[in-house]
Amino acid sequence: MFRGIDEVDWASMEHAYGNAADVPVLLRGLASPRPQERETALDGMYGAVHPQGDVYDSTLASIPFLFSLAGQVELPDRGGIVELLASIGGADSGDDPGEHGEDDAVPGEDPEDPEDDNHAMARAAIRASAGVFLDLVADGDAEVRGAVPSALVRFHDEPPRVLALLRERLADETEESVRLALVESLGLFARLYGESAAPAVDRLVSLCATPHEPGLRLAALGQLASCAPDRLPADLVPTVIGLLHTRSQRFRRSVEPTRTSTDTLIGRLRRMRPADEEGAQLLRTLHKALGARTADRIALIEGQLSSQDTADRCNAVWMSAGLFREWRAAYEEPVALIGEQLGSDEEQLRYAAVSVLEFLFTLAAPAADRLAALVESDPDSWGCGTATLGRPLKALARSGDARAVPALAEVLRHPVVPNETGYTIGHLGPAAAPLAPLLRERLGAVPLDSPETYSRAAPLLYGLGTLRYAAALPEVLRLLHGAPRELRLRDALVKALARALGAFGAGAHEAIPALRELLTGESAAAAADALWSVEADAEAVLPPLLRALGSERDTGGPRVAAEALGRMGAFAAPALPGLRGLAASTEVWERTAAASALWDVSGDPEPVLPVFRAAWRQNPYVRGTVTECLVRMGGAGAPVHDLVRTELASPRRHRARPGGHGSDDVLQDERLLGHCRAALDAAS
């Protein structure tokens, strides 16, 4: 199986970590008689030879040996090798109908980009040897039989033959997991081959019928939703809920085969799998295919959460995360049901519920009573004296519920305060006022010359600034004067201190000399912004802000200066030429900040609105800044209110994107919607 491997000049090739001389070791590790070594080798292939979908010359050179390994019937764990081959060929590049075009280009690739040459060659190599997959469809290893169907659909160049084989295997296969994989491949076939895939769609429709087992019917419904939603039954939701409950009643967890416990990515992913991984995948596929049909998806989640089976409810909670993050809808009922799971005896279910509620912020309010009860019942989970704030407590505080205050007070009474605490307090608004003295006390205990000075001080400063607690001025000045110049992240610390002083406003009058001293340093823009809030001396703050406005773009100085000048209003009139120049910047955040400042300083909408319209379309992340300014503009912003109305009518969250999400995406989207409504109200 490794014939010729030593004749390959691996040392002249590369992978993610440089020289690829170790690739033969990884390939031989895949054939090891020891499960732990096989898993480690597969992890190494994904981590070095094919990381995050990348294809190197060493990846290409590995393909023949991987095919040889896949064909060794006596070798265990070959299913993972088949999946690796499919991934190298671009199996994760999308299910677009045009994927099998004449040029065999992978969707999203640029044929003019030399870096994409390896991807095209990898795909060609997998397709050239795809006949091997035909020999594996009836393999004695069920994991191999389960991995092969999708690879056949994607890479074999005889679609009619593949479809006939899938239908034949579905009739003969007895292993349920493989049958589900075959159904998924029928759906993939239908998506890739469009009108010529009518027989695949018809077979999926027939599989939705009553005689088949619940799992197979759920799989068929999920695939049908993705390729032919018009063929779905009218009673989809009750049908799915009924099938789910029937399947759960029949489902008996078999003893899991012994898995190796290596500290590899693959090993960790296996340990994180849900108790009913198969059921999770079935419903996840359906949820993904239903997309913007939020009413159906909410009903499905509520039905899943009504199950007597803990695994079903746990799966429902995790699936709700994708719905909440991507789509806008009324979520009070499912959120309340997720809150009910906090009372479960199952730790995994409670963990899932808290994890989802944590990123919902104010949308978690329907679960606040359950969160408060959990926080009150378990003081050990608050995070007192630890590096991490307790997640139930954080979720409760982020929802804006004042019942989090007593527990946060206990957290702040300990010398070690989790870094999230100061930031979390900001979500409580005025209700957090009793915590201000404790924040001040903790800030006073921050060492002046520790590597952790900034990381400990910045969250506390944020919390104090949010509460505008000027009584903490002595502690702020202690850090400002006492932190040594060679301190790690000193500039970042000074900026955080300046922001806090600015938030204190006139109450920070004693800090004026210190702020004036900073007007010529690297933190000049932040210091000038704070000085304006404290003293409103335009003559003092304009020169440093004008210098920052014209500074190097990669420092962030121009944007900070523009935002500060906007807060000065008409007093910043001398900066108008510089702001007009910055409004033509190639960097969208700078343009947006400059345009906002132009309105605040001059009150002229003409140079502002074209910048806003272009920025809105270029980068969804700037929409919050734009709408905040539109609120201030009132009727003057009406020419771009079509963007605002379109946003309010859109069912999709503005930060939703494939392949990732941010921890505050829901929060920022809800804030954007609030700004949009306020902008329209301000113009009426």
Between [X] and [Y], which heavy-atom pair has the shortest distance, and what is it?
X	Y	value
L163	A200	CD1-CB, 3.8 Å
G343	R370	CA-NH1, 4.4 Å
D309	S248	CB-CB, 4.0 Å
I301	S320	CD1-CA, 3.5 Å
S307	D312	OG-OD2, 3.0 Å
L136	G71	CD2-CA, 4.5 Å

Atom [atom1] in [X], atom [atom2] in [Y]: separation rounded to 0.5 Å?
X	Y	atom1	atom2	answer
I241	E302	CD1	CD	9.5 Å
H15	L26	NE2	CG	7.0 Å
E175	L180	CD	CG	9.5 Å
H50	S58	NE2	OG	11.5 Å
I338	L371	CD1	CG	11.0 Å
N118	L60	CG	CG	5.0 Å

Are any of the side-chain heavy atoms of [X] and [Y] separated by less than 4.5 Å?
X	Y	result
F189	C227	no
P233	L221	yes
L667	L363	no
H654	Y621	no
L337	R313	no
L84	I88	yes
P392	L342	no
L323	M319	no

Checking [X] side chain against [Y] main chain: does a donor-acceptor pair fall under 3.5 Å?
X	Y	result
R145	V137	no
R217	A209	yes
R350	S344	yes
R78	Q72	yes
T40	E37	no
S68	P64	no
T59	V49	yes

> Does CG in D235 sit with more than 12 non-hydrogen atoms of other residues, nucleotides or ligands closer than 6.0 Å?
Replying inline: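 Yes, enclosed.
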>> Could you check whether atom CD of E347 has more than 12 heavy atoms from other residues, nucleotides or ligands sitting under 6.0 Å from it?
In response: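 12 or below, so no.
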>> Could you check whether Q281 and T285, counting side-chain N and O atoms only, form a donor-acceptor pair closer than 3.5 Å?
In response: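 Yes, side-chain donor-acceptor contact under 3.5 Å.
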> For the salt bridge (charged side-chain N to carboxylate O under 4.0 Å, His left out) test, which of R657, R325, R328, R653 pairs with D665?
Replying inline: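 Checked R657, R325, R328, R653 against D665; only one passes salt bridge (charged side-chain N to carboxylate O under 4.0 Å, His left out): R657.
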>> Within 45 degrees of the ring normal and closer than 6.0 Å to the centroid, is that where the cationic atom of R652 sits relative to W327?
In response: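 Judged by the rule (NZ or CZ under 6.0 Å from the ring centre, within 45° of its axis), R652 counts as positioned above W327.
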>> Among R203, E184, R191, exactly one meets side-chain hydrogen bond (donor to acceptor under 3.5 Å, both in side chains) together with Q223. Which residue is that?
In response: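 Answer to the side-chain hydrogen bond (donor to acceptor under 3.5 Å, both in side chains) test with Q223 among R203, E184, R191: R191.
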> Taking the six-membered ring for Trp, are F133 and F67 parallel (under 30°), tilted (30 to 60°) or perpendicular (over 60°)?
Replying inline: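 Judged by the thresholds at 30° and 60°, the geometry between F133 and F67 is tilted.
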> So V148 and R169, side-chain contact (heavy atoms from CB on, under 4.5 Å) or not? Walk me through it.
Replying inline: CA-CA 12 Å; V148 162; R169 288 305 309 161; over 6 Å; no
> Between E213 and R179, is a salt bridge (charged side-chain N to carboxylate O under 4.0 Å, His left out) present by the stated rule, with each step listed?
Replying inline: CA-CA 11 Å; E213 62 266 27; R179 286 168 62 79; 3.2 Å; yes
